[in-house]
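Take a look at the structure set out below.
When reading the values below, keep in mind they use all heavy atoms of this one structure, side chains included, and skip hydrogens, waters and symmetry mates. Keep in mind that this is a model prediction, so the values were computed, not measured.
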Amino acid sequence: MFQSINPFDGKLTGTHTPHDITDINRILEKSDQAFRNWRLTTMEEKSQLMRDLGQILSKEKDKLGRIISREMGKILRESIAEIEKCAWLCDHYAQYGPEMLETESAPSDGTVSYIRFEPVGVIYAIMPWNFPFWQVLRFAVPTILAGNAVVLKHAPNVLGCAKEIESLFREAGFPKNLFSNLFIPVDLSDTVIAHPLVRGVTLTGSQKAGKAVAAQAGKYLKKTVLELGGSDPYIVLADADFQPACETAVNSRMLNTGQVCIAAKRFIVERKIFDRFTEELKIQLENLKWGDPLDEGVDLGPMARPDLLETVNRQVTKSLEMGATLITGGKVINDRFYAPTLLTHVQKGMPVYDEETFGPVSVVIPAGNAEEAVRISNDTSFGLGASIWTRNLELAEQMAGEIEAGAVFINGMTKSDPRLPFGGTKMSGYGRELSHFGIREFVNIKTVWFK
């Protein structure tokens, strides 16, 4: 039996019966049947249903936001903002998705030739808990609009959110079984991936999970899209607009109590302003308030699970033992929270340098100039996002071309946006979500040629 536990007070919020092999086969067969009919539905009808889903999300954002906060500890205003972003996603694809899938002319040696974008079938999604609605819908909305069906294995601690998402698709009028949940343990994922009715797999999660999924999918020639987290650099040069750079740094790192794949995690600061930036960051971090995520005025909620709290505390403790300097934080609070933490004198080989820190932990690393900042930025196995702060836009553009990442934001916080492709390089995964690139990940790109 899966259990949902409120990370703030430890109380049980729901129980969920696991599916077995028989259930898996039944759900996938029904999903495939739904796909066979859905692919024939007109784009106008698909778009209207997606628009209706967006309206329901907007209408029910307060209720849904509370479900998020109770299941994984996100502060309420951020949970509601997550639902609002999902509604925007639905509206965006309802408006622009049809033209992204329109047949394209392709001149050739034939009298007529063109390219069609056709759905492929049932897509299996393995999704994390940190943005329990957004992570699912940013994949599912374009994938379903393209004509596919979706089967979701959500994280075990947010299965209440998973149930709500499935209900929302039905409430909006989508066909039954077009979006379905699978409540299964990790060891049954291989069975799902191997199933002949599953035509593709997407995962947002750890490198370990990504390698396992890619290996199993490759064995059966199933396409995959993987988003595997990051250790994003946040470069601040001496000529940057200082106060906005500091304020955005805190927001970028502490959103969702630091449990964000694309959060700024390594602050790489030009030496001329290193001490000033570090002191300002310390002041702002110490002013953050932690508490019940449903209370107004709270900036940080609890860590989503006890094991996550233990991991981030281990990373910090080990790094301090290896010579890092603690500026603030570095401790567990009330067995559920981790204090906003800032470290300096961080070196390669330390956990907070080499690993992704999934919690409210920041490191500040000095750089002599822009060139050294880029080198440090790329000195990681990850490559998801990056931020550059400078008034020299020509230099920023040059640096953006040299940084190994799926996205680089200049004088702004790295974020996902339905209008822009989202994904990484190196060990942060491959493939893209969002924009027209995302809606075309799970389609058959078919050439048609006439003599």
Taking only residues two or more places apart in sequence, or in another chain, which ones meet [X] in a side chain to side chain donor-acceptor pair (under 3.5 Å)?
| X | value |
| --- | --- |
| Asn6 | none |
| Ser416 | Lys85, Trp134 |
| Arg440 | Glu104 |
| Lys415 | none |

Kindly indicate, with the supporting measurements, whether the criterion salt bridge (Lys or Arg N to Asp or Glu O under 4.0 Å) is fulfilled by Glu372 and Arg271. CA-CA 11 Å; Glu372 185 180 7; Arg271 282 192 177 87; 3.5 Å; yes

Sidechain N-carboxylate O distance under 4.0 Å for [X], [Y]:
| X | Y | value |
| --- | --- | --- |
| Lys163 | Glu166 | no |
| Arg77 | Glu84 | no |
| Asp20 | Arg26 | no |
| Lys348 | Asp379 | yes |
| Glu404 | Lys426 | yes |
| Lys289 | Glu296 | no |
| Lys282 | Glu286 | yes |

Using a 4.5 Å cut-off on heavy atoms from C-beta on, say whether the side chain of [Y] contacts that of [X].
| X | Y | result |
| --- | --- | --- |
| Ile83 | Ile68 | yes |
| Ile235 | Ile403 | yes |
| Ile144 | Phe169 | yes |
| Arg314 | Glu355 | yes |
| Leu285 | Met254 | yes |
| Tyr234 | Lys265 | no |
| Phe174 | Leu53 | yes |
| Glu227 | Tyr430 | no |

Looking only at heavy atoms, which two atoms of [X] and [Y] are closest? And how far apart?
| X | Y | value |
| --- | --- | --- |
| Thr380 | Ser231 | OG1-CB, 4.2 Å |
| Ile365 | Phe274 | C-CE1, 3.7 Å |
| Asp299 | Asn287 | OD2-O, 4.2 Å |
| Val225 | Arg432 | CG1-N, 4.2 Å |
| Ser381 | Gln207 | OG-NE2, 3.7 Å |
| Leu152 | Ala162 | CD2-CB, 4.3 Å |

Between His19 and Asn181, does a side chain to side chain donor-acceptor pair (under 3.5 Å) hold up when you go through it step by step? CA-CA 10 Å; His19 292 123; Asn181 284 308; over 6 Å; no

Going through the distances and angles, do Ser79 and Ser69 end up as a side chain to side chain donor-acceptor pair (under 3.5 Å)? CA-CA 6 Å; Ser79 296; Ser69 295; 2.9 Å; yes

Any chance the rings of Trp129 and Phe358 have centres within less than 6.0 Å?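 That pair passes the under 6.0 Å test.
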
Has [X] got more than 12 heavy atoms of other residues, nucleotides or ligands less than 6.0 Å from its [atom1]?
| X | atom1 | result |
| --- | --- | --- |
| Arg336 | CZ | yes |
| Phe2 | CZ | yes |
| Gln55 | CD | yes |

Apply side chain to side chain contact (heavy atoms under 4.5 Å, CB included) to the pair Glu280 and Gln243, showing each step before the final yes or no. CA-CA 9 Å; Glu280 180 61 27; Gln243 203 59 35; 3.2 Å; yes

Side chain to side chain contact (heavy atoms under 4.5 Å, CB included) evaluation trace for Thr248 with Trp389: CA-CA 10 Å; Thr248 305; Trp389 288 78; 3.6 Å; yes

When the ring planes of Phe183 and His16 are compared, do they come out parallel, tilted or perpendicular, using 30° and 60° as the limits?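 Ring orientation, 0 to 90° scale: perpendicular.
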
Test item: [X] side-chain N/O and [Y] main-chain N/O as donor-acceptor pair under 3.5 Å:
| X | Y | value |
| --- | --- | --- |
| Gln216 | Asp190 | yes |
| Asn148 | Phe442 | yes |
| Thr341 | Val361 | no |
| Asn256 | Asn130 | yes |
| Arg138 | Leu89 | no |

Thr414 side chain to Asp232 side chain, donor-acceptor N/O pair below 3.5 angstrom: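 Absent: no donor and acceptor within the cut-off.
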
Verdict with supporting geometry, Tyr338 and Trp290, side chain to side chain donor-acceptor pair (under 3.5 Å): CA-CA 9 Å; Tyr338 200 74; Trp290 53 268; over 6 Å; no

Do Glu60 and Arg66 pass the salt bridge (Lys or Arg N to Asp or Glu O under 4.0 Å) test, and can you show the C-alpha distance, the side-chain angles, and the key distance before you say yes or no? CA-CA 10 Å; Glu60 299 184 6; Arg66 287 183 175 275; over 6 Å; no

Non-neighbouring partners of Glu82 that pass salt bridge (Lys or Arg N to Asp or Glu O under 4.0 Å), sequence neighbours left out: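 Scan of Glu82 (salt bridge (Lys or Arg N to Asp or Glu O under 4.0 Å), adjacent residues dropped) gives Lys74.
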
Can you list everything that forms a salt bridge (Lys or Arg N to Asp or Glu O under 4.0 Å) with Asp307? Sequence neighbours excluded, please.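 With neighbours one apart ignored, the set is Arg305.
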
Apply the test side chain to side chain donor-acceptor pair (under 3.5 Å) to residues Glu71 and Ser4: give CA-CA distance (whole Å), side-chain angles for both, the deciding distance (0.1 Å), then the verdict. CA-CA 6 Å; Glu71 278 210 307; Ser4 296; 2.6 Å; yes

Arg276 NZ/CZ over Phe242 ring centroid, <6.0 Å and within 45° of normal: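 Checked: cation-pi criterion met.
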
Show, in sequence, the C-alpha distance, side-chain angles and deciding distance for Val150 and Phe35, and conclude whether the side chain to side chain contact (heavy atoms under 4.5 Å, CB included) test is met. CA-CA 9 Å; Val150 166; Phe35 156 69; over 6 Å; no

For a side chain to side chain contact (heavy atoms under 4.5 Å, CB included) check, start with the C-alpha distance between Leu168 and Leu57, then their side-chain angles and the critical distance, and finish with the verdict. CA-CA 8 Å; Leu168 287 167; Leu57 285 162; 3.7 Å; yes

